[in-house]
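As the structure lists them, so they are numbered: ligands from 1, and atoms in each ligand from 1.
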Amino acid sequence: MTFTVAIDGPAASGKGTIARAVAAHFGFAHLDTGLLYRGVGFRVMQGEDPLNAAENLVAEELKNPELRGAAVSQWASKVAVLPEVRAALLDFQRAFARRLGGAVLDGRDIGTVICPAAEAKLFVTASDATRARRRHKELLDHDPDITFDTVLSDLRERDRRDSERSAAPLVPADDAILIDTSDMSIDAAVAAAIAAIANRQ
Ligand code: C5P
């Protein structure tokens with residue numbers, strides 16, 4: 001059987017955590033599509049041409065922990081503006097979504113562009129302050145000097161670039177279920193997501 005769960009939302013909204021938990025609950029495969037753009041961004045940061053980087057990306061390099069850093073986040077959202085980069089990553093994501101046994105993909109354009117026919121679509125949000133607090137905590141492990149204000153302004157800059165671009169902007173699909181995790185525990189957010197998906201089965 002095939003069953004696609006599309007989970008979109010801005011940075012640090014909780015979509016990645018929800019996507020992993022949902023995949024484990026239903027026994028579906030999970031793809032963090034942001035990592036693809038981070039992989040391309042990392043190569044471009046080192047001087048490679050964006051399209052060349054997108055066409056030659058291999059799974060192994062997505063395990064590099066440096067991809068999670070703040071500099072790569074900004075490069076990822078810069079290369080994500082380019083339609084040719086998005087096009088080069090499309091087939092891989094669509095094939096993953098239709099794999100047998102079910103799939104969960106999280107990103108920005110899964111429910112709108114990659115899998116408009118997904119069986120279940122979620123859009124996960126949280127306030128700017130909540131998201132910056134979460135991301136600041138994560139980034140401190142890699143960079144002990146990073147400040148909350150830097151993280152907040154980086155997030156806002158990335159959100160603006162992701163929402164205002166003309167190729168696959170960050171917008172909820174018309175039929176997406178909205179989950180605002182600002183005042184929710186992880187457990188409550190995961191339970192809400194699982195209930196919404198179970199409803200579509
Ligand atoms: O989700 P994450 O923060 O890892 O994504 C990094 C960047 O990749 C985002 O800011 C966005 O510009 C881009 N992205 C995208 N479409 C996706 C997933 C990520 O444009 N489906």
| said: So for R161, does at least one of its heavy atoms come nearer than 4.0 angstrom to any atom of ligand 1? | reply: no
| query | Within the structure, does S73 bring an N/O atom to less than 3.5 angstrom of an N/O atom in ligand 1? | reply | no
| message | Taking distance alone, with N or O pairs closer than 3.5 Å, would you say R38 contacts ligand 1? | response | yes
| message | Are any of the N/O atoms on D162, whether in the backbone or the side chain, positioned under 3.5 angstrom from an N/O atom of ligand 1? | response | yes
| message | Strictly distance-based, threshold 3.5 Å: is any side-chain N or O of R43 a donor or acceptor partner for the main-chain N or O of P50? | response | no
| task | Would you check if there is a donor-acceptor pair between the side chains of R161 and S77 at a distance under 3.5 Å? | result | yes
| Proximal ligand 1 atoms for S77, defined as those under 4.0 Å from one of its heavy atoms | 10 (O), 12 (O)
| request: Evaluate whether atom CG of D175 has more than 12 neighbouring non-hydrogen atoms of other residues, nucleotides or ligands under 6.0 angstrom away. | output: yes
| Test of proximity, R158 against ligand 1: N or O pairs below 3.5 Å | yes
| query | Would you call D159 and R156 a salt bridge, taking side-chain N to carboxylate O under 4.0 Å as the test? | reply | no
| task | Could you list which atoms of ligand 1 come closer than 4.0 Å to a heavy atom of K15? | result | 1 (O)
| message | Evaluate D32 for polar contact with ligand 1, using N/O atom pairs at a separation under 3.5 Å. | response | no
| remark: Quick look: Q74 vs ligand 1, heavy-atom contacts under 4.0 Å, and the answer is neither
| message | Show the atoms of ligand 1 that are less than 4.0 angstrom away from any heavy atom in A80. | response | 12 (O), 13 (C), 20 (O)
| query | Out of A167, G34, P10, whose heavy atom is nearest to atom 19 (C) of ligand 1? | reply | G34
| query | Polar-atom distance check: Q93 versus ligand 1, any N or O pair below 3.5 Å? | reply | no
| Protein contact to atom 1 (O) of ligand 1 [nearest heavy atom, distance to 0.1 Å] | R108 NH1, 2.9 Å
| request: Please indicate whether D183 has more than 12 foreign heavy atoms, meaning atoms of other residues, nucleotides or ligands, lying under 6.0 Å from its CG. | output: no
| message | Looking at R108 and P169, would you say the former's side chain and the latter's main chain have a donor-acceptor pair under 3.5 Å? | response | no
| field | Whether K78 lies under 4.0 Å from ligand 1, heavy atom | value | no
| Residue and atom name of the nearest protein heavy atom (relative to atom 18 (C) of ligand 1), distance in Å to one decimal | T33 OG1, 3.4 Å
| atom 16 (N) of ligand 1: which protein heavy atom is closest, and how many Å away? | R86 NH2, 3.0 Å
| field | Which atom of N56 lies closest to which atom of E61, heavy atoms considered | value | O-OE1, 4.2 Å
| field | Closest protein heavy atom (residue, atom, distance) for atom 8 (O) of ligand 1 | value | Y37 CB, 3.4 Å
| said: What I want to check is whether the side chains of R134 and T17 have a donor and an acceptor closer together than 3.5 Å. | reply: no
| field | Test item: side-chain donor near acceptor, T147 and D149, under 3.5 Å | value | no
| said: Looking at K121 and G111, would you say the former's side chain and the latter's main chain have a donor-acceptor pair under 3.5 Å? | reply: yes
| side-chain contact (heavy atoms from CB on, under 4.5 Å) partner of L140, the single match among H142, H136, E138, K137 | H136
